[in-house]
Amino acid sequence: MASTTGPRGPLRRLVTGAVALFATAGLITACGTGEGGTGGGGGDGKGGGGTADVRGVDDGTTLTMWTRAATRPQSEALVKAYNAAHKNKIELTVIPTDDYQAKVGAAAGSRDLPDLFASDVVFVPNYTSNRLFADLTRRIDALPFAAHLAPSHIKAGTYEDKKYVVPHTLDLSVLFYNKELYRRAKLDPEKPPATLAEWDRQARAVDALGDGVDGTFFGGNCGGCGVFTWWPSIWAGGEDVLNEEGTEAALDSGTAKKVYATYRGWVRDGIVAPGARDETGATWTGVFPKGKVGVMPMPSTTLGLMPKDLDLGVAPIPGPDGGRSTFIGGDAIGISATSRSADQAWNFLAWSLDDEAQVDVVAAHKDVVARTDLASNKHSAADPRLVLINQLVADGRTPYALKFGQTFNDPNGPWLSLMRNAVFGDGASVEKDNDAVSASLTD
Amino acid sequence: MQVKAPDRAAAAHRAPPRRPARRPRTAASRWRSRRLQGLGYAAPTAVFVVVFFLLPLLLVGQMSLSDWPLLAGDQGANAPKNYTDVAGGTLLWPAVRFTLLYTAIVTVVLLALALLLALLVQRSRPGTGFFRTVYFLPGALGLASASLLFWGLYSPTTGPLSGIPERLGLTDEPVSFLGTPTSALVSTVFLVVWKFAGFYMLILLVGLQGIPQEVYEAARTDGASRGQIFRSITLPLLRPSLALSLLLCVTGSLLAFDQFYVLTKGGPDNSTVTVVQLIYREAFQRLNLGTAAALSIIVLAALLLLNFLQFRGLRRTDAP
């Protein structure tokens, strides 16, 4: 049919097209910023995307998420359960633990972070101070169980009075001991060490069994393993390892020296399983499940992965003369500051912390729940080891330092030098090495 | 049918030419035309070089003069602090010394073994193809993969090798292949030689097969011994291939990273930290791209100087 308005000129067509384009764009924008819409909330880092309700939005969005290999089983279990029950879908990428910092750094530099990323909780202060996470303050505070979220993780994720992360997987350092080897060594399998001195005696008694059995084991070339398993003995002895701001080390205290001396004695007398000197952390937790080590500190997350036929007990890490403590590690998780689906990402985070996910997924997997009010639940009640681990959350600490990674986890950093000099050397350079640690914390 | 040629004068009268008649091309215009043609041919490569080589290099230069935290981008000028920070690092000089030591050991051992292998499989005999393939096979593996493989083999907790000397009664306890500075260096050199000997063998084999057989026959006719033939014919005529291998091996060893990152992580006790590991550490552990870039520029300058000296030395020996 011919036009009744006469032929259109190029200018008129251009104007009409532009008007249509603006109208369409306006319509899309209006939809995008509506209540409960998909507009980001994290990008500005101001309000925490407070337009959505406390549960976030479940509208079928596909979200990307990163986690590190060390806590892979827990993250996978949560994501699997979430994907099965929600319209939103999460695509989880597991990144080698050693490469995680570099990967996050490079992605942040190119503004290519996923919607959600978990982080070893000790690195979180560095990320929050660099504004990598979206502000979740209002969202977190609106949760009915906000007051019960693992306080050490919330503290690590709070920067300038704003909260950026929630606990994702809690990983506590605890002593694992082999009850079968204890029986063979004429030790009481129901009496794990309550002091470092007892730990020393029991490890030596088991080691005396010979036939490939060793007293204990540790990651002697792994800075992260050292902070995770040695510091609790120092804390249990009543000393601290860092000042409040994380800018000064106190790793040369009398208590710390007693801890190093015990480990040095194990190395000197061959109480430690072969490979401790070389152990970079990659195979550190693979030694105990073989059933040839008496007593050693381990991550609580490995409890659910132990062989069914291994009769093992769990105990707090003691100080030189008693006391008990634990390093509350694991991953905290936040929404990246560049995510365009903050409301949907929050839907996952809020769900992951509710009763159902914490009990039926986390606790069922024999892991530590992220909420103090759920420490006693139907799964932990069935296993006294879990009750003990959950109770330890109150005794443990998560150290805070902006330069934690470069000081304590870097394989060429000053803490690993202190560790190795103190245990494989004569321990004479602890003060000097402690100064180097302090210098790195402020570098 | 014969086609009549058009009457050009008449045609010109009927329709005036659209453009002035072409003047005969001068030598200068031909030169200009050829130059434009050459530029056209070179343009794609030039664009590639600018985008993928020069621009990143300029960016690294800018980073090296800026305060550039990995997580926060450019924070403004910081010259020359990045360079002075590099010089003040406690790990720098040990890393430089170790990298030079590693380069010297690897270059000597690797090229000697590669030459030996090339000589062994030089002539076609039954089974030569099999051995050439076997020697080259590790070269087809990625260095990171090979390093991971050896890490597993060396591991005192999970690897099969550490317990063998003890079972044979040679040691009292499992051997720690990566546990001391010396054993870590030797173990890494072993991996690198295993991985690259076949590759350099191939380069040298091509060089060997380029030597005319007549020269060898003449030498044998003159009664030269095998040693004399090797010293006076093989080595001199193989010099271009040896020079190429030397250049690749030295440059590659000075830039060593993967094998140490996977096998030793610079340990034990920072005894195997290479210069490139320092760059990685500065960028991704300490999250400071500025200092990492400054160190990269210094390494680049050192490599350029070294390559220049190597080329100059090779040219001099090529001269009659």
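All values below were derived from every heavy atom in this structure, side-chain atoms included, with hydrogens, water molecules and symmetry-related copies excluded. Chain identifiers are assigned alphabetically (A, B, ...) following the order of the sequence lines, protein sequences preceding nucleic acid strands; residue numbering begins at 1 within each chain.
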Between G275(A), G105(A), G270(A), which residue shows the highest count of heavy-atom pairs closer than 4.5 Å to chain B?
->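 Looking at each option in turn, the highest pair count goes to G105(A).
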Looking at G266(B), P69(B), G179(B), which one has more heavy-atom pairs under 4.5 Å with chain A than the rest?
->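 Of the options given, most contacts go to G179(B).
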Select one option (side chain, backbone, both, neither) describing which atoms of L416(A) are under 4.5 Å from chain B's heavy atoms.
->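 When you check distances to chain B, no heavy atom of L416(A) falls under 4.5 Å.
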Toward chain B, the part of F217(A) with a non-hydrogen atom under 4.5 Å =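 F217(A) touches chain B through side-chain heavy atoms alone.
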With only heavy atoms counted, which part of P268(B) is less than 4.5 Å from chain A, the side chain, the backbone, both or neither?
->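 The answer is both parts of P268(B).
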No hydrogens needed, just list the donor-acceptor pairs between chain B and chain A under 3.5 Å.
unit_1, atom_1, unit_2, atom_2, d
T157(B), O, K290(A), NZ, 3.0
T157(B), OG1, T283(A), OG1, 3.2
S176(B), OG, D278(A), OD1, 2.9
S176(B), OG, D278(A), OD2, 2.5
Y261(B), OH, D99(A), OD1, 2.5
K265(B), O, N412(A), ND2, 3.1
K265(B), NZ, D98(A), OD2, 3.2
D269(B), OD1, R420(A), NE, 2.5
N270(B), OD1, N412(A), ND2, 3.1
R281(B), NE, D410(A), OD2, 2.5
R281(B), NH2, D410(A), OD2, 3.2
R281(B), NH2, N412(A), O, 3.3
R286(B), NH1, D443(A), OD2, 3.2
R286(B), NH2, D443(A), OD2, 2.4

